[in-house]
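Because the structure is a prediction, the values reported are computed rather than measured.
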Amino acid sequence: METLGVITGTLAPWLTARAQTRTEAADRHLRDALDQWLVQGELADLHFGFYKEAHATPELLPWLSSLEDGRIDADQLVEVERISSSH
C-alpha cells in the first residue's frame, strides 16, 4: 500500500480495498503495521516513499477511525483517536 500510495498520490483506493478485505491475515497485517507506526511514534506525521514525499497521516487517521470493530486492537484504537484529536 505504501508504494502504491506514493505512485498514485493517494491512499484512498488502497485503503478502500483494504477495508473490504476481511481476512484474519489482512487484519493481523494491519495491526502489525499500526503497531510499528505507533511504537516508532510515526503515525502522527507518517510519510511514505523513498524521500518521504507522501504524507499518509491525513488519509490514514480518518480511515483507521472508521474501521469496523475488531479490525484493530482496542488499545491501538485509543491511540489513533488520541492522535486524531490533536490534528
Residue pairs meeting salt bridge (charged side-chain N to carboxylate O under 4.0 Å, His left out), one or both in residues 10-22, sequence neighbours left out, come to Arg22-Asp27, Arg22-Glu68
Distance col, row Trp37:CH2 vs Leu64:CG, nearest 0.5 angstrom, shows 7.0 Å
Plane angle bin for His55 and His47 - parallel if under 30°, tilted between 30 and 60°, otherwise perpendicular: parallel
Main chain of Leu15, side chain of Trp63: is a donor-acceptor contact present, judged purely on distance under 3.5 Å? yes
For a 4.5 angstrom cut-off between non-hydrogen side-chain atoms, does Thr3 reach Phe48? no
Look up atom CD1 in Ile83 and atom CG in Leu43, then write down how far apart they are to the nearest 0.5 Å. 4.0 Å
Value rounded to 0.5 Å, distance of CD1 in Ile72 from OG in Ser65: 7.5 Å
Between CG on residue Leu30 and CG on residue Leu67, distance to nearest 0.5 Å: 6.0 Å
Side chain to side chain contact (heavy atoms under 4.5 Å, CB included) partners of Ala26, counting only residues at least two apart: Thr21, Thr23
Are side-chain heavy atoms of Leu11 and Leu4 found at a separation under 4.5 Å? no
Which residues pass the side chain to side chain contact (heavy atoms under 4.5 Å, CB included) test with Ala12, not counting sequence neighbours? Thr10, Glu59
From Leu46 CG over to Gln36 CD, what is the distance, rounded to the nearest 0.5 angstrom? 9.0 Å
How would you list, by chain and number, every residue that makes a ring-ring contact (aromatic ring centres under 6.0 Å, His included) with His29, sequence neighbours excluded? none
Partners meeting salt bridge (charged side-chain N to carboxylate O under 4.0 Å, His left out) with Glu24 (sequence neighbours left out): Arg28
Would you mind writing out the side-chain donor-acceptor pairs for residues 73-81 within the sub-3.5 Å range, not counting sequence neighbours?
residue, atom, partner, partner atom, Å
Gln76, OE1, Asp73, N, 2.9
Gln76, NE2, Arg31, O, 2.9
Gln76, NE2, Asp35, OD1, 2.9
Glu79, OE1, Arg82, NE, 3.4
Glu79, OE2, Arg82, NE, 2.9
Glu79, OE2, Arg82, NH2, 2.4

